[in-house]
Amino acid sequence: MSTFPHSQHFDVIIVGAGLAGLVAATEATEAGARVLLLDQEPEANLGGQAHWSFGGIFLVDSPEQRRLGVKDSEALALADWANTAGFDREEDYWARKWATAYVQWAAGGKRAWLHDRGIRFFPVVGWAERGGAGAQGPGNSVPRFHITWGTGPGLLEPFLKAAKAAQAKGQLVMLFRHQLDELVLRDGAVTGVRGTVLEPDAAPRGVASNRNATGDFEYFAPAVVVATGGIGGNLDKVRAAWPERLGTPPETMVSGVPAHVDGRGLDIAARAGARLVNGDRMWHYTEGIGNWNPVWERHGIRILPGPSSLWIDAQGQRLPAPLWPGFDTLGTLAHLRSTGHDHSWFILNRRIIGKEFALSGSEQNPDLTGKDVRAVLARARVDVPGPVQAFLEHGEDFLQAPTIHELVAKMNKLTGEDLLDPAQVAEVLEARDSAVANSFGKDGQISALTMARNYLGDKLVRSVKPHRITEAKAGPLVAVRLRILTRKSLGGVQTDLDSRVLDTAGNAVPGLYAAGEAAGFGGGGYHGYRALEGTFLGGCLFSGRAAGRHAAGEGQRT
């Protein structure tokens, strides 16, 4: 919290100290504005959800891609985005414009802008959301997932440094434990913020903090930026917004974000006249596992799987093509919701889990997060990386056994239901394994695995040589129970390309801006129905940059 006096009046007020809010604040101070940055959580949470992230960034035709032989282009990326987004609504007008502008930035100045701030990337580009439903279907045609060297904390570092420097100069005031309750309106324009000062709390990052009021606050500025995030930590809101096209909402889920990511800021913006759109568009993962060492309630981690694991539903049916690990997140989610159960399973072996399992999150990748080259290289010398081994030993969703019948018995015991027939699961597994030895087989997943290994990045770090899961030397067998993991809201406050908030008539609400997940990462939903991955952090960067720059000029226009 700021320790020096400050007035009630600023050039720009930003609500939410996550990545989007930090970028907006630093861009506004660079433009000469005096900025107030508010957040309801303790200072330990500065940087928000970006701190926990893997640091994936969507880039197009980058030097990292070219060094690996990947041929990409702005035109291909735009086609992939359009095919994935599926824009089909009147309210997608601004979302389309944001999507086009973002892809152009990802293929143009984005990497240089980050590079100038000291951000570097791991040399192997990941291939997330591969699609598989045809050239005009959703998904990335080529690898575009660039992992920040230092993961989420590494991405935050330059913006935290810039914020602290602006604070030292008196250009930026940061106030924590300040909960927004209301946007101040005067003659139809947003002119400030009101809220509650909360009792100090020493809770570590991500841990729930108290809501005990100790006073009120009121601050004024010609421009207010809402960067308060989405609804992923509020499971009741997630269920209420759940669309029929994705089936029924799960009764049980794990949470990929802390409870304070509750959508409260969206409701406050709406009361001030903001138009909320695409609330039914959301991004949740089907490869969620309970964190054996949780930080927040129902804390879940996502498995970033390679392509080899056998994926079956709760009753032992293999998922249909192209719903293979890492190919189509929402297609898999919709299919699994039709099964009537809240979980599914990976079946694999120790060899596969050792090379193909990565766990999303900065804390699950201490080598990359710590920028430790030796530790990264050491991954290749161990059969299972330490964080994955910890889940094998302690994770409630991880099971091991020497035979498939013993494994299935443990799977049924874990769920408390005899949903799986050992003979049926063994038959499905044998069919998959037999396809490995057939060079002319019809198994689409095995063909996809072979194709993946044509990409050097996958062959080096993300896929094992095709083999039978039941191969004795590759054992023991492993089963992982997968649950729905909440993550991101794809809709939000509708904005124009200057990040100005629009009302229901399509007019700008004077003085009000939005950025990050609160703005659907731009335009109220620049992903459309689906994301290409690496676009959440990038959306915070892009929309926060626009909001900060344009909000800083608001005072000159009033």
Side-chain angles (χ1 to χ4, degrees), residues 16 18 20 48-49 84-92 94-95 98 138 180 226-286 288 296-298 300 302 328-338 340-342 483-495 501-504 514-531 535-536 539-540 543:
Q49 301 321 299
T84 302
F87 295 124
D88 62 357
R89 298 175 177 175
E90 173 271 330
E91 54 263 42
D92 289 333
W94 285 107
W98 271 92
L180 176 69
V226 175
T228 52
I231 67 172
N234 187 327
L235 300 191
D236 290 335
K237 276 196 172 184
V238 169
R239 292 188 183 97
W242 196 275
E244 186 177 344
R245 67 180 177 275
L246 293 179
T248 57
E251 293 182 13
T252 59
M253 292 182 276
V254 288
S255 181
V257 294
H260 65 254
V261 186
D262 58 7
R264 192 169 178 275
L266 294 173
D267 298 332
I268 293 170
R271 290 197 292 271
R275 183 189 188 191
L276 302 185
V277 295
N278 300 318
D280 64 323
R281 292 177 180 172
M282 53 186 68
W283 190 256
H284 307 305
Y285 293 108
T286 50
W296 53 82
E297 187 178 0
R298 296 183 297 269
R302 187 206 173 192
D328 185 349
T329 293
L330 287 200
T332 306
L333 177 59
H335 173 79
L336 289 175
R337 295 310 308 142
S338 71
H341 298 279
D342 291 349
R483 293 181 271 176
I484 307 303
L485 173 74
T486 65
R487 186 71 86 190
K488 296 297 181 184
S489 308
L490 298 189
V493 177
Q494 191 169 51
T495 58
V501 171
L502 305 179
D503 63 19
T504 55
E517 193 174 354
F521 302 92
Y526 85 146
H527 292 100
Y529 288 95
R530 302 168 184 243
T535 55
F536 300 134
C540 290
S543 60

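Numbers for residues simply follow the sequence, beginning at 1.
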Next item on the list: Go through the steps for I231 and V261 under the test side chain to side chain contact (heavy atoms under 4.5 Å, CB included), then give the verdict.
Entry: CA-CA 6 Å; I231 67 172; V261 186; over 6 Å; no
Check: Any donor and acceptor pair, going by atom type alone, linking the side chain of W283 with main-chain N or O of L330 inside 3.5 Å?
Finding: no
Margin query: Evaluate R245 against D280 for side chain to side chain contact (heavy atoms under 4.5 Å, CB included), listing each step before the verdict.
Written below: CA-CA 10 Å; R245 67 180 177 275; D280 64 323; 2.9 Å; yes
Check: Does D342 use its side chain to pair, donor to acceptor, with the backbone of P250 at less than 3.5 Å?
Finding: no
Check: According to the interplanar angle, ranging from 0 to 90°, do the rings of F521 and F536 count as parallel (below 30°), tilted (30 to 60°) or perpendicular (above 60°)?
Finding: tilted
Check: Any donor-acceptor pair under 3.5 Å linking the side chain of W296 with the backbone of S255?
Finding: yes
Check: Nearest 0.5 Å, what's the CG-OG distance between L333 and S338?
Finding: 10.0 Å
Check: Applying the side chain to side chain contact (heavy atoms under 4.5 Å, CB included) test to R302, which of V254, T286, T329 qualifies?
Finding: T329
Item checked: Check: A515 main-chain N/O paired with S543 side-chain donor or acceptor under 3.5 Å -> no
Margin query: Would the distance check show the side chain of Q49 and the main-chain N or O of V257 forming a donor-acceptor pair, the cut-off being under 3.5 Å?
Written below: no
Next item on the list: Run the salt-bridge test on E90 and R275 with the 4.0 Å N-O cut-off and return the result as yes or no.
Entry: yes
Next item on the list: With rounding to the nearest 0.5 Å, note down the distance linking OH in Y285 to NZ in K488.
Entry: 8.5 Å
Note to self: Rounded at 0.5 Å granularity, tell me how far CG in L336 sits from CD1 in I484.
What the structure shows: 6.0 Å
Note to self: One thing to verify: whether D236 and R239 come together as a salt bridge, which I'm taking to mean a side-chain N less than 4.0 angstrom from a carboxylate O.
What the structure shows: yes
